[in-house]
Structure formats: C-alpha cells, structure tokens
Amino acid sequence: MGRVYAIANQKGGVGKTTTAVNLSACIAEAGCSTLIVDADPQANATVGLGVPRSTQPGLYDVLSGEAQPSEALVDAAVPGLRVLPAGPGLAGANVELPRLPGFELRLREAIAPLRAGFEYILIDCPPSLGPLTVGALAAADEVIVPVQTEYFALEGLAGLLDTLARVRREINPQLTIAGMLLTMYDARTRLGQDVEQEVRKHFPDLVYETVIPRNVRVGEAPSFGLPVTHHDPHSAGAEAYFELAKEVLVGGAA
Ligand SMILES: Nc1ncnc2c1ncn2[C@@H]1O[C@H](COP(=O)(O)OP(=O)(O)O)[C@@H](O)[C@H]1O
Ligand SMILES: [Mg+2]
C-alpha cells in the first residue's frame, strides 16, 4: 500500500512544487513506483513534468466525480513516475468543492484506490489553507513542509500547524509531520546559517538534515519539463534532492 505525502505550506514560492517534482523523481529513480498528484490550480508540477496544462481529465474531473482516478493518470517524462494532472477547472474547485457533501474527504477517496498501484504518492498543495489543501491533508499519511531559508521563515507556520491540528482532530487522526525542509539555502550568507539555526532550534527533531541549496539548475529545470535530477543530475540541487529522498525513504526527519 502506497504512502501518501502532502507537500504543504500556505506561503507561495517556498519550494513546494520544486520539492514535490524533484523528490518524486528521485523516489521513482530509486525504483519505487511513484505518483504525483497536482492539487494546485496553477498546475506548475504538471507542466514542470512535461505534461500539458490542458490535459484532461485532471484532478478537477476526478473530484467532481466526472472521471475515475485511474483514467486521469499520465506518464511523466521520467520512468516510474506518473502524474495526476491539475487540469483546467481546478481553480473553480476551491469555490465549488465546499458546496459538495463531504468535500473534505473527496481527495482522500479519489486517492484510496490508487494506493494499491504505487509505493509513494506525493500531493503538491496550493499556496493557501483552502479546501484543496485541507483535502490533501485529509488524504495524506504525512506532511512535508518546505520552509524557505529567509527572514520570516517561521512566519505563517503557526497557521499551518493549526490547520494540521484541526484536520487531525476532525478528519485524519493518523496524520503526522514527516519533516520540515529548508529550501533555497544560500551558504554564502550569514542569513542562511542564522535561519537554519533558528528553525532547527524551534523544531528540534522535525527538520530534515538535508538542506536544499539555491541553485540555478533547479530554477531552470521546469522550463525543460524535467526534474533537475534529469535536467542536470550532477548539479548541487539534484544531489540535495537525492539526499532528501534517502531520508524520506528511511522514514522521516526524526
Ligand atoms: N533550490 C532552488 N534553487 C533555485 N530556485 C528555486 C529553488 N527552489 C525553488 N526555486 C524557484 O523558486 C520559485 C518558487 O518555487 P516553487 O517550488 O514553485 O514554490 P511553491 O510551490 O511553494 O510556490 C520557482 O521559480 C522555482 O523554480
Ligand atoms: Mg507550487
């Protein structure tokens, strides 16, 4: 049975999609069948894996009951990795979903039959704590929280932790935090080191040892429709995501 990870943080631009795409690719490369579910209407994970934004059916069609989850799966440009694309219309889901009965459980129900076919399922969440993120947290076994290594890194995390607690209480008591991941780390600055120290002090045992460096190759890979691990496997960014995958495969930051 596949293990499901939500990649969540309501702040935009902290490296959620980059982590979902590259971690999935590394896990697939390690020989595990992997699925990435794009739950962000911006469809950056879909496009970043070489799948057209307009691909249908997508997650919207699955959540609205118009397509079976298995019908919506497509191959990524990476062996062993499949994508459940966001698809057009997902933006509307934020408005429509709350009107549907049991909306918070729809993503979980959609993913349930897919667990048998994959060892790992990663959900890329949108930058909000809205219904799609809540649905992803309800569907997940564990959460990975990318934290950008910058001033105010911890700002907003309280809101995410509150939402996690609520989802645990009301929908998904098994949900745990797999780890927090420091992203876009710049080793040349004092700031990077200071922020890393602060985050580790604040969340002892919860922060992955691997830190993702700021790396040009990571930023440009999506424009080639490839994870950085295939765009430039020897780049510092690719190497860091391989290290992260090892940590995730052995079971978390703690
Ligand atoms: N380690 C990194 N090095 C360089 N650029 C990065 C890195 N991680 C993310 N980026 C870039 O930063 C931007 C935001 O990252 P993204 O993963 O899309 O964040 P989110 O999904 O949280 O909004 C993107 O343009 C991405 O390519
Ligand atoms: Mg994103």
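What's counted below: heavy atoms across the whole structure, side chains too, no hydrogens, waters or symmetry copies.
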Salt bridge (charged side-chain N to carboxylate O under 4.0 Å, His left out) filter on Glu66, not counting sequence neighbours, yields none
Given a cutoff of under 4.5 Å between side-chain heavy atoms of I, L, V, M, F, W and Y, with clusters grown through shared members, what are the other residues clustered with Leu81?
Val21, Ile36, Leu49, Val51, Val74, Val78, Val83
According to a 4.5 Å side-chain heavy-atom criterion applied to Ile, Leu, Val, Met, Phe, Trp and Tyr, with indirect links allowed, do Val145 and Val211 form part of one hydrophobic cluster?
yes
Can Met1 be reached from Leu107 by stepping across I, L, V, M, F, W or Y side chains whose heavy atoms are under 4.5 Å apart?
no
Once salt bridge (Lys or Arg N to Asp or Glu O under 4.0 Å) is applied, what residue pairs with a partner in residues 119-138 remain, sequence neighbours excluded?
none
Asp40 side chain near Pro127 side chain, heavy-atom distance below 4.5 Å:
yes
Indicate if Val14 and Leu154 have the same hydrophobic cluster label, given that clusters are the connected sets of ILVMFWY residues with side-chain heavy-atom separations under 4.5 angstrom.
no
Are Leu160 and Leu182 in one and the same hydrophobic cluster, where Ile, Leu, Val, Met, Phe, Trp and Tyr link if side-chain heavy atoms are under 4.5 Å apart?
yes
Step by step, would you call Val134 with Ile171 a side chain to side chain contact (heavy atoms under 4.5 Å, CB included)?
CA-CA 10 Å; Val134 171; Ile171 322 176; 4.3 Å; yes
How far apart are the C-alpha atoms of Val143 and Leu164, what are their side-chain angles, what is the distance that settles it, and do they pass the side chain to side chain contact (heavy atoms under 4.5 Å, CB included) test?
CA-CA 9 Å; Val143 196; Leu164 282 175; 3.5 Å; yes
Taking Val37 as the fixed residue, which of Leu114, Leu122, Val62, Leu59 is the one that meets the side chain to side chain contact (heavy atoms under 4.5 Å, CB included) rule?
Leu59
Output yes when a side-chain donor or acceptor of Arg168 lies under 3.5 Å from a complementary backbone atom of Leu175, and no otherwise.
yes
When hydrophobic residues are tied together by side-chain contacts of less than 4.5 Å, even through go-betweens, does Phe103 share a cluster with Leu84?
yes
Shortest non-hydrogen contact from Pro126 toward Leu132
CG-CB, 3.9 Å
Yes or no on side chain to side chain contact (heavy atoms under 4.5 Å, CB included) for Phe203 and Leu161, after CA distance, side-chain angles and deciding distance?
CA-CA 12 Å; Phe203 298 100; Leu161 297 178; 3.9 Å; yes
Pairs touching residues 210-240 that satisfy ring-ring contact (aromatic ring centres under 6.0 Å, His included), sequence neighbours left out:
Phe224-His231
Atom pair OG1/CD of Thr149 and Glu196 - distance to nearest 0.5 Å
7.5 Å
Set of residues satisfying salt bridge (charged side-chain N to carboxylate O under 4.0 Å, His left out) with respect to Arg188, sequence neighbours excluded
Asp186
Residues forming a salt bridge (charged side-chain N to carboxylate O under 4.0 Å, His left out) with Glu243, sequence neighbours excluded:
Lys246
Check whether Ser128 reaches the backbone of Gln10 with its side chain - one donor and one acceptor, N or O, closer than 3.5 Å.
no
May I ask you to check whether Thr210 and Tyr241 show a side-chain donor-acceptor distance below 3.5 Å?
no
Is there a donor-acceptor pair under 3.5 Å between the side chain of Lys16 and the backbone N or O of Lys11?
yes
Closest heavy-atom pair and its distance - Asp38, Ala43:
OD2-CA, 3.2 Å
For Leu90 and Leu63, run side chain to side chain contact (heavy atoms under 4.5 Å, CB included): C-alpha distance rounded to whole Å, both residues' side-chain angles, the deciding distance at 0.1 Å, then the answer.
CA-CA 9 Å; Leu90 193 60; Leu63 292 177; 4.3 Å; yes
